[in-house]
Amino acid sequence: HMAQQLQKAQKQVQEKAQQLVALQSHVQSLVKERDQLQAGSTVQAFTQEREALQAQSQALAHDKDQLQAQREALEGERQQLQAQTEALAQERQQLQAQVE
């Protein structure tokens, strides 16, 4: 019976030791993260990423404006061609009427 208690205690000690190792590892990673934040590297990286995204957003907005202008120009051309097509259709009907 004493051997079982001893095994149980040893198992508990091993579990506690594993928990301690995991906690120590977690503390080390938190310390490293804190050091990086204090050094400003994370903030600097976020700032650079934000600036890059803002530049990309501005470029996309410019592209959108250009595409909108092209679309409007093409719509104007389409309307002109539609008017020409209708005029030619009327002219053709008139010519057919003259021939008949």
Side-chain angles (χ1 to χ4, degrees):
H1 187 69
M2 190 105 158
Q4 287 178 339
Q5 286 181 338
L6 183 60
Q7 282 182 331
K8 187 176 180 182
Q10 286 176 338
K11 187 176 179 183
Q12 288 175 343
V13 167
Q14 282 180 334
E15 288 173 358
K16 294 293 181 190
Q18 289 172 347
Q19 289 173 358
L20 180 61
V21 168
L23 283 173
Q24 287 173 335
S25 174
H26 186 64
V27 167
Q28 287 174 347
S29 69
L30 288 174
V31 167
K32 184 178 178 182
E33 187 177 343
R34 184 202 65 199
D35 291 346
Q36 287 176 342
L37 285 171
Q38 286 176 342
S41 63
T42 302
V43 173
Q44 184 179 5
F46 283 143
T47 301
Q48 289 173 346
E49 186 176 354
R50 187 189 80 224
E51 289 170 356
L53 288 171
Q54 284 176 336
Q56 188 177 10
S57 175
Q58 289 172 347
L60 289 172
H62 180 71
D63 289 350
K64 179 185 167 220
D65 292 343
Q66 284 185 324
L67 288 171
Q68 181 68 29
Q70 283 180 339
R71 183 176 161 257
E72 290 169 4
L74 288 171
E75 180 61 26
E77 282 184 46
R78 189 192 67 75
Q79 289 174 358
Q80 286 178 343
L81 289 171
Q82 182 69 31
Q84 288 176 356
T85 301
E86 290 172 8
L88 287 172
Q90 287 177 356
E91 191 177 327
R92 189 185 66 148
Q93 286 178 346
Q94 290 171 355
L95 289 173
Q96 282 180 339
Q98 289 176 2
V99 169
E100 292 174 356

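Quantities reported herein were computed from a predicted structural model and do not represent experimental measurements. The first residue of the sequence shown is numbered 1, and numbering continues consecutively from there.
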Using a 3.5 Å cut-off and no angle test, enumerate the donor-acceptor pairs between side-chain atoms of residues 8-35 and protein atoms at least two apart in sequence or in another chain.
unit_1: S29; atom_1: OG; unit_2: H26; atom_2: O; d: 2.8

Show which side-chain atoms of residues 44-61 pair as donor or acceptor with protein atoms under 3.5 Å away, not counting sequence neighbours.
unit_1: T47; atom_1: OG1; unit_2: V43; atom_2: O; d: 2.8

Reference residue Q68; test side-chain contact (heavy atoms from CB on, under 4.5 Å); the match among Q70, Q66, E72, K64:
E72

Please set out all donor-acceptor pairs under 3.5 angstrom arising from side-chain atoms of residues 76-96, sequence neighbours excluded.
unit_1: R78; atom_1: NE; unit_2: E75; atom_2: OE1; d: 3.3
unit_1: R78; atom_1: NE; unit_2: E75; atom_2: OE2; d: 3.4
unit_1: R78; atom_1: NH2; unit_2: E75; atom_2: OE2; d: 2.8
unit_1: Q79; atom_1: NE2; unit_2: E75; atom_2: OE2; d: 3.3
unit_1: Q82; atom_1: NE2; unit_2: E86; atom_2: OE2; d: 3.2
unit_1: T85; atom_1: OG1; unit_2: L81; atom_2: O; d: 2.8

